[in-house]
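I have placed the structure first, in the form of structure tokens, so that the comments after it can refer back to it.
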Amino acid sequence: MRILVIGGTWFLGKEIVAGALRRGWAVTTFNRGRSGPDSPGVEAIHGDRTSAADLGRLAAAGPWDAVVDTSSGELPPRDVLLAAQALAGQVGRWVHLSTVSVYADWPHYRLTEASPLLDCPPDADDAFGYTGEDGSPTKYGFQKAGGERAVTEALGERAVFLRPGVILGPGEYVGRLPWWLTRAARGGRILAPAPADQQIQPVDVRDVAAFALDQAAAEGAGGAFNISHPEGLTFAEFVTACLTVTGGAGRPVWTSPEDLTAHGVKQWTEMPLWRTHAGAWAVDSARAVGAGLRCRPLGETIADTWAWLQADGRPVAHPRWDVHGIAPEKEAKILASLGGE
Ligand SMILES: NC(=O)c1ccc[n+]([C@@H]2O[C@H](COP(=O)([O-])OP(=O)(O)OC[C@H]3O[C@@H](n4cnc5c(N)ncnc54)[C@H](OP(=O)(O)O)[C@@H]3O)[C@@H](O)[C@H]2O)c1
């Protein structure tokens, strides 16, 4: 099996490369050489996927049985289209990392792969789309939906779309689980979002990577797969696991959405993973599970991420990291106003 990973040096892409090498596959990576070192054992080609000349140079190094593309997180559909068209003649399957944000109904309603998508043309530029006042829909979702259409236009039934919700695990650059772990380690009274029995369904980066590789090697028509943890865990289990692995002598203070909102706590960022919309954690991944998605218990993800943080200190520099988590002074003020011990 010969595979091309567009990206391959950062979080999910790095895990995909490691997994492909473990399977004994021949791996080519393509990136600009900015985000991290190339993995030993790959054929590394450097270039910019938004450049037709660089894509031409890359295409000349083909063919590949499959492509996995993790690198379109910040790119408009027209750039996705450029790469998909440039490589279409040199690849079998195209496994494209999309997102649950492509759904028009996310995070309001339960979702399956049949749920309607946001409407965005396959050649849209980065001005297309908008973010709604309550954070839904998002411009990111429009752009990723247009990216899916671009890949479909170039690859047809050879296209596979993976639509994860939240990806956690060692190497996470967003700063969601790292913030909760760091907060738990600090201990004391911890502001936490009620209800404590709210189920959440993030997935481990290593499990997403394994499924992406399974899909790269699969046969037959592609299609779309939601990627969310089929069992998940409750917020109480999540916070308890963070306290347990960090040894933090802390106690969550479960606080109603009304109180958190009244104190101006921002969902999703200031209080990572907290979202009150009914569909935020109601994404049906039965199709992916049926096709082989296996999700490890999230306790393992939490423990391994803490081990990674401990080993590397603050391991990544990324602008999203800094917007996650509530400032200690603000948290203390809210806890004081709530009373109790
Ligand atoms: N994190 C989540 O919770 C989450 C949830 C849902 C979906 N997703 C999706 O999953 C994917 C995440 O992949 P990821 O974590 O590996 O990171 P990523 O930020 O999507 O990709 C970064 C990789 O792409 C390369 N790259 C970026 N721009 C490039 C360009 N113009 N030309 C060539 N290479 C380029 C980077 O290397 P260089 O900088 O060296 O070029 C790096 O290797 C994204 O598509 C995202 O939308 C993520």
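When a ligand or atom number is given, it counts from 1 through the structure's own listing order.
- Any N or O atom pair closer than 3.5 Å counts here, and D48 shares at least one such pair with ligand 1.
- Close N/O approach between I167 and ligand 1 is found [any backbone or side-chain N/O within under 3.5 Å].
- Among the atoms of G36, none of the N or O lies under 3.5 angstrom from an N or O of ligand 1.
- Which parts of ligand 1 touch G8 is read off a 4.0 Å heavy-atom cut-off, strictly below it: atoms 43 (O).
- Close N/O approach between S71 and ligand 1 is not found [any backbone or side-chain N/O within under 3.5 Å].
- Residue contacts with ligand 1 include S98, since one or more of its heavy atoms lies under 4.0 Å from the ligand.
- Looking at ligand 1, you'll find an N or O of G13 within less than 3.5 Å of one of its N or O atoms.
- Distances from atom 6 (C) of ligand 1 to the heavy atoms of A212, S35, G165, G171 show the closest one on G165.
- Remark: ligand 1 and R34 share an N or O pair separated by less than 3.5 Å (distance only, no angle test).
- The option from T70, T9, D54 that lies nearest to atom 12 (C) of ligand 1, judged by heavy atoms, is T70.
- Close contacts of ligand 1 with R176, meaning ligand atoms under 4.0 Å from a residue heavy atom, involve 3 (O).
- Residues T9 and D38 meet the side-chain proximity criterion, which asks for heavy atoms closer than 4.5 Å.
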